[in-house]
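Nothing here was measured: the structure is a model prediction, and the numbers come from that model. What's counted below: heavy atoms across the whole structure, side chains too, no hydrogens, waters or symmetry copies.
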Amino acid sequence: GEDVEQSLFLSVREGDSSVINCTYTDSSSTYLYWYKQEPGAGLQLLTYIFSNMDMKQDQRLTVLLNKKDKHLSLRIADTQTGDSAIYFCAETSGTYKYIFGTGTRLKVLA
Amino acid sequence: DAGITQSPRHKVTETGTPVTLRCHQTENHRYMYWYRQDPGHGLRLIHYSYGVKDTDKGEVSDGYSVSRSKTEDFLLTLESATSSQTSVYFCAISDPTENIQYFGAGTRLSVL
């Protein structure tokens, strides 16, 4: 079945760039998402990309999609302590079903 | 949280008791979902609804039932709670015209 994989932890220093990676298996994925979850809160949509795009930039966030390798990444420029959270990758092929990764816990060191 | 209210936000209950969690939306979105979040498992779909009185099972539906009598409300019931159902439960909504899922703030359930 469909699967989405992410590494569990990432630690970076404040001011550096963070890159969070995700791989997925569903070749019919049409939308791919990045969500952020802060402690005690729900998932907040950060950004998303259509499968016919290679890159999307939104202020400090850059999403790269390599459809051939089924690899999605989220780059956060100038990472701040407020970026410390769990980041979830998710995908859908446009039906009701959304598949989520296990989440990457980003820790930003001051 | 995109017009989604989950209640209660926290609940502690005993093994064997029934529990109902409520999700209320003000967005008039067609699809509603219940997920559970556990360490190392990410989000797992319990049940979803694609319209009033139209529901279907997700990957971890055993021990759970749902009902949707109005567009805005989706109820998750644990008929007889077990300790393995201790988790954080999230409601989500989406609309097929938009292909984006929005999440509620979650309900933390502890079954002792």
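Taking A/G40, A/G103, A/A41 one by one and counting their heavy-atom pairs under 4.5 Å with chain B, the maximum is reached by A/A41. Contact tally against chain A (heavy-atom pairs below 4.5 Å) for B/L43, B/D56, B/L45, B/V88: the top residue is B/L43. Interface check for chain B: of the options A/Y48, A/F88, A/Y98, A/Y31, the most heavy-atom pairs under 4.5 Å are formed by A/Y98. Per-residue heavy-atom pair counts under 4.5 Å with chain A were compared for B/F90, B/Y31, B/Y50, and the maximum is reached by B/F90. In terms of non-hydrogen atom pairs under 4.5 Å with chain B, the most contact-rich of A/K97, A/Q44, A/Q37 is A/Q37. The greatest number of non-hydrogen atom pairs below 4.5 Å with chain A, out of B/H41, B/Q37, B/Q101, is found for B/Q101.
The pair B/D73-B/R68 fails the salt-bridge criterion, with no side-chain N (NZ, NE, NH1 or NH2) lying under 4.0 Å from an Asp/Glu carboxylate O. A/D58 and A/K56 are not joined by a salt bridge, as no carboxylate oxygen comes within less than 4.0 angstrom of a charged side-chain nitrogen. Classification of B/R44 and B/D38 as a salt-bridged pair holds, one side-chain N sitting under 4.0 Å from a carboxylate O.
Looking at A/R105 and A/Y87, their side chains never bring a donor and an acceptor atom within 3.5 Å of each other. Side-chain contact annotation: B/T86 with B/S110, donor-acceptor N/O pair under 3.5 Å absent. Of the N and O atoms on the side chains of B/Y89 and B/Q85, not one donor lies less than 3.5 Å from an acceptor on the other residue.
Heavy atoms of B/R9 lying under 4.5 Å from chain A belong exclusively to its side chain.
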